[in-house]
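The figures here come from the full heavy-atom set of this structure, side chains too, leaving out hydrogens, waters and symmetry mates. We name chains A, B, ... by the order of the sequence lines, and we start the count at 1 in each one.
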Number of protein chains: 2
Amino acid sequence: MKSVASTSDKILDVAQSLIVAGGYNGFSYADISDAIGIRKASIHHHFPAKAELVAVLVDRYTMQAQAGLQSLLEQAASPADQLQFYIDYWRSCIENASQPFCVCAMLASEMQMLPDEVALRVRAHFRNLAAWLTSVLQSGVEQGLFRLDRRPEEQAQMLMASVHGAMLSARALGDPGLFIAVVGPEIAGLRASSC
Amino acid sequence: MKSVASTSDKILDVAQSLIVAGGYNGFSYADISDAIGIRKASIHHHFPAKAELVAVLVDRYTMQAQAGLQSLLEQAASPADQLQFYIDYWRSCIENASQPFCVCAMLASEMQMLPDEVALRVRAHFRNLAAWLTSVLQSGVEQGLFRLDRRPEEQAQMLMASVHGAMLSARALGDPGLFIAVVGPEIAGLRASSC
DNA sequence: GTTCGCCTTCCTACTAGTAGGTAGACAAAC
DNA sequence: GTTTGTCTACCTACTAGTAGGAAGGCGAAC
């Protein structure tokens, strides 16, 4: 029994894929209107202002991401697997083009001209992701799976930057395989056997 | 004897800083008009269409970058120094906020909805930068300065991704120091003494 | 069990303002 | 005397957002 997505969910879904493609200024209420066959004014009924729509969208994205990362902690056996599943998730998103970029990475690039309510939430997502990576690396070190050159929080920032930079290169050069070509070696280098 | 910048150069300068802040859709002819005290129509005299303006801008940026990277090869003694000067350049750009992001990295994030003439040029810049980094790493290996885990071209892609990802993190978290905190260790890991 | 009022959702029709772009006049420079 | 650069004035299309109303669901009052 699959419940049909509500109108506001459909609006957020479309808006998200439009943001992934072109950022905050890269979509309009008219674009969403065309995509889901509803009038512009009806979208304003659900989300009075654009900044609010995107703020809700980022909240939803952050919560989904947090839930996904949490379930990775519970399902994947070791920190090494947790990291591997995380990048495998993005690899498949990029390779089947279902979501070829992180919404928050996209918005972060426009940080300087984002409404405050959106900028705040994007920043929170970066902090959450960095914290998750830090804890996974930390656990890996404690279990003797990883040998890090730096403190876990520094190494986590390096890894996060690699992931976002790899997404960007894959997009810039039109080569989805570039993502894993960049990120794969990066996590391989963290393994205890590397030195 | 310093020649005064021409109007078209001033237009490109302003457009560049606006793109760095908000991307292709983040600026308008009216914004440029306000910034340099000239009418919108006068900008259209120099650059009939927006896509053309940005294409010229990216051409100029790519040529400046190529010249800068070339002079780094000539001025810096060793490949290790060349790499160091390259990231020092970006560190200072980010820390004094003169240019806190790479124009082409910014545009690359919007690749999917860029006019063809712009997308083409952005992609070319990525290829140029990757090629430069590859040749520097290659030279470093030949001189026994670097020990790489991967082929130079792969390692160059990883380094480029790190640089762009570090810019993004610095911006997202509002912490300019994060750039060097991420990229510094990354190039330190390439040095022959690391293993 | 039907009428009443409220709420949700969507609609048509509109606003003020901004987008990129054009036409043509004018003045100075070559 | 033509080219170059700027201007005023304008255009069409699109932007986010608003006003006001129609259709239907739902629970309580009668």
Is the shortest side-chain N/O distance from A/His45 to OP1 or OP2 of C/dC10 below 4.0 Å? no
Ignoring backbone atoms, establish whether A/Thr7 has a side-chain N or O less than 4.0 Å from OP1 or OP2 of C/dT9. no
Carboxylate-amine/guanidinium contact A/Asp13 A/Lys10, below 4.0 Å: no
Check: protein-nucleotides 23-29 of chain C nitrogen or oxygen pairs below 3.5 Å:
none

Taking N or O atoms only and anything under 3.5 Å, show me the protein contacts with nucleotides 17-19 of chain C, one pair per line.
{"from": "C/dA19", "atom 1": "OP1", "to": "B/Ser28", "atom 2": "OG", "distance (Å)": "3.1"}
{"from": "C/dA19", "atom 1": "OP2", "to": "B/Ser28", "atom 2": "OG", "distance (Å)": "3.4"}

Rounded to whole Å, how long is the line connecting atom [atom1] of [X] with atom [atom2] of [N]?
{"X": "B/Ile38", "N": "D/dT8", "atom1": "CD1", "atom2": "P", "value": "11 Å"}
{"X": "B/Ile32", "N": "C/dG21", "atom1": "CD1", "atom2": "P", "value": "11 Å"}
{"X": "B/Ile11", "N": "D/dT6", "atom1": "CD1", "atom2": "C1'", "value": "11 Å"}
{"X": "B/Asn25", "N": "D/dT15", "atom1": "CG", "atom2": "P", "value": "10 Å"}
{"X": "A/His44", "N": "C/dT12", "atom1": "NE2", "atom2": "C1'", "value": "15 Å"}
{"X": "A/Arg39", "N": "D/dA16", "atom1": "CZ", "atom2": "P", "value": "16 Å"}
{"X": "B/Ile43", "N": "D/dT8", "atom1": "CD1", "atom2": "P", "value": "13 Å"}

Is it the case that the ring center of A/Phe101 lies less than 6.0 angstrom away from the ring center of A/His164? no
Nearest atoms (heavy-atom pairs only) where A/Pro100 meets B/Gln112: CG-NE2, 3.6 Å
Work out which heavy atom in A/Arg123 is nearest to a heavy atom in B/Ala172; give both atom names and the distance. NE-O, 3.0 Å
Nucleotide of C/dG21, D/dT6, C/dC10 approaching B/His46 most closely (side-chain heavy atoms): D/dT6
Applying ring-ring contact (aromatic ring centres under 6.0 Å, His included) to A/His46 and not counting sequence neighbours gives none
In the single-linkage hydrophobic clustering (I, L, V, M, F, W, Y; side-chain heavy atoms under 4.5 Å), do B/Val54 and B/Ile36 co-cluster? yes
Quick one, A/Val118 and A/Leu57 - any side-chain contact, counting heavy atoms below 4.5 Å? no
